[in-house]
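All heavy atoms count here, side chains included; hydrogens, waters and symmetry mates do not.
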Amino acid sequence: MNPQLQITCHASDWDASAITAVGVPYEQRILQPRTIEAHNLPSELFAIWRQAVQYFRTLDPTPDGWTATHITVEKEEIILQLPDEEITAQHMQLRCSIDRIWTSDGTTAPPITQCLNTAEMLAFFDTLTAPEFWMVDTH
């Protein structure tokens with residue numbers, strides 16, 4: 001399994017959302033899933049979280065509105081080759097799958113898939129899927 005962030009969204013307070021890192025490799029093993037509430041993130045990561053929340057809120061504007069219930073974030077490599085060119089370009093992006101409900105009646109809304117590739121969001125993902133973030137120094 002590739003590392004993922006699985007976010008259980010808190011409808012009335014995004015900052016209370018639980019961010020769980022799964023599939024985090026450590027030595028020859030995979031760490032057990034680790035969870036942190038968004039408001040407990042270090043300040044620089046919390047600022048990036050707030051930017052992401054603001055961005056997610058702009059997706060699919062509808063009169064009745066919607067709220068996310070669960071977001072799965074995975075990192076993927078994209079390789080682009082221009083037509084009739086030998087040059088290829090590769091870059092990393094985050095694929096975000098957003099499960100959501102309509103706020104008016106609580107019924108399931110169609111999911112949204114969005115790709116993010118800003119340096120801040122990639123750093124956010126890399127930090128939270130690094131074993132060092134979750135390890136406690138006991139020395």
Side-chain angles (χ1 to χ4, degrees):
M1 166 183 237
N2 291 328
Q4 291 182 343
L5 294 179
Q6 296 180 0
I7 304 165
T8 303
C9 303
H10 192 283
S12 62
D13 181 6
W14 279 75
D15 294 344
S17 297
I19 303 169
T20 302
V22 297
V24 175
Y26 178 67
E27 296 178 350
Q28 305 304 321
R29 304 169 299 180
I30 300 293
L31 291 178
Q32 290 294 318
R34 304 286 207 262
T35 301
I36 187 169
E37 288 187 1
H39 60 87
N40 290 328
L41 289 167
S43 60
E44 65 278 0
L45 293 176
F46 186 68
I48 296 169
W49 166 257
R50 282 294 190 80
Q51 290 173 13
V53 168
Q54 291 303 317
Y55 175 74
F56 288 144
R57 287 181 174 164
T58 67
L59 300 175
D60 190 26
T62 57
D64 292 332
W66 58 270
T67 188
T69 56
H70 190 265
I71 302 171
T72 301
V73 182
E74 296 180 279
K75 190 173 183 181
E76 63 184 11
E77 180 180 42
I78 302 298
I79 299 175
L80 304 171
Q81 183 162 1
L82 301 173
D84 301 326
E85 299 275 338
E86 292 184 22
I87 300 171
T88 61
Q90 66 185 62
H91 71 275
M92 301 304 286
Q93 69 179 17
L94 301 178
R95 178 173 300 281
C96 304
S97 302
I98 306 167
D99 295 329
R100 58 199 184 121
I101 58 172
W102 298 117
T103 54
S104 60
D105 61 8
T107 59
T108 302
I112 297 174
T113 299
Q114 188 67 33
C115 294
L116 304 173
N117 61 5
T118 65
E120 294 85 11
M121 287 305 303
L122 289 165
F124 181 89
F125 182 89
D126 288 344
T127 299
L128 290 176
T129 57
E132 298 79 19
F133 182 83
W134 302 102
M135 304 305 247
V136 176
D137 186 5
T138 58
H139 303 307

With sequence neighbours left out, the residues meeting side chain to side chain contact (heavy atoms under 4.5 Å, CB included) with S104 are D64, W102
From I36 CD1 over to F46 CZ, what is the distance, rounded to the nearest 0.5 angstrom? 11.0 Å
With sequence neighbours excluded, tell me which residues meet side chain to side chain contact (heavy atoms under 4.5 Å, CB included) with L59. Y55, F56, W66, I98, I112, Q114
D99: partners by salt bridge (charged side-chain N to carboxylate O under 4.0 Å, His left out), with sequence neighbours left out: none
In this structure, OG1 of T8 is separated from NE2 of H70 (nearest 0.5 Å) by 4.5 Å
Does anything in residues 115-127 form a salt bridge (charged side-chain N to carboxylate O under 4.0 Å, His left out)? List the pairs, not counting sequence neighbours. K75-D126
Would you call the rings of F124 and W49 parallel, tilted or perpendicular, taking 30° and 60° as the class edges? parallel
Contacts of P61 meeting side chain to side chain contact (heavy atoms under 4.5 Å, CB included) (sequence neighbours excluded), chain-then-number -> none
For residues 19-27, dump all side-chain donor-acceptor pairs below 3.5 Å to protein atoms at least two apart in sequence or in another chain.
residue: T20; atom: OG1; partner: T35; partner atom: OG1; Å: 2.7

Any donor-acceptor pair under 3.5 Å from T72 side chain to Q6 backbone: no
Non-neighbouring partners of Q90 that pass side chain to side chain donor-acceptor pair (under 3.5 Å), sequence neighbours left out: E77
E37: which residues meet the side chain to side chain donor-acceptor pair (under 3.5 Å) condition with it, sequence neighbours left out? H39
State, yes or no, whether a side-chain contact exists between L45 and F133 at a heavy-atom distance under 4.5 Å. yes
Is there a side-chain contact between T129 and L5, using heavy atoms and a 4.5 Å cut-off? yes
Contacts of type side chain to side chain donor-acceptor pair (under 3.5 Å), residue N2, not counting sequence neighbours: none
Please answer whether the main-chain N or O of L128 pairs with a side-chain N or O of W134 as donor and acceptor at a distance below 3.5 Å. yes
Of the non-hydrogen atoms in P131 and M135, which two are nearest, and what is the gap between them? O-CG, 2.9 Å
Check whether any side-chain heavy atom of T113 sits under 4.5 Å from a side-chain heavy atom of S97, and report yes or no. yes
So salt bridge (charged side-chain N to carboxylate O under 4.0 Å, His left out) across residues 4-20, not counting sequence neighbours, yields D15-R50
Applied to residues 16-25, the salt bridge (charged side-chain N to carboxylate O under 4.0 Å, His left out) test, sequence neighbours excluded, yields none
Residues two or more places apart in sequence or in another chain: which of them pass salt bridge (charged side-chain N to carboxylate O under 4.0 Å, His left out) with R95? E76
Could you tell me if the side chain of V73 sits less than 4.5 Å from the side chain of I71, heavy atoms only? yes
Where is the tightest heavy-atom contact between L116 and C96, given as atom of each residue plus distance? CD1-SG, 3.8 Å
Apply the test side-chain contact (heavy atoms from CB on, under 4.5 Å) to residues N117 and L94: give CA-CA distance (whole Å), side-chain angles for both, the deciding distance (0.1 Å), then the verdict. CA-CA 6 Å; N117 61 5; L94 301 178; over 6 Å; no
Side-chain (S17) to main-chain (I7) donor-acceptor, under 3.5 angstrom: no
To check you understand the geometry: which heavy-atom pair defines the closest contact between W14 and A38, and what is its length? O-CB, 4.1 Å
So does T108 get a backbone contact from the side chain of R100, meaning a donor-acceptor N/O pair under 3.5 Å? no
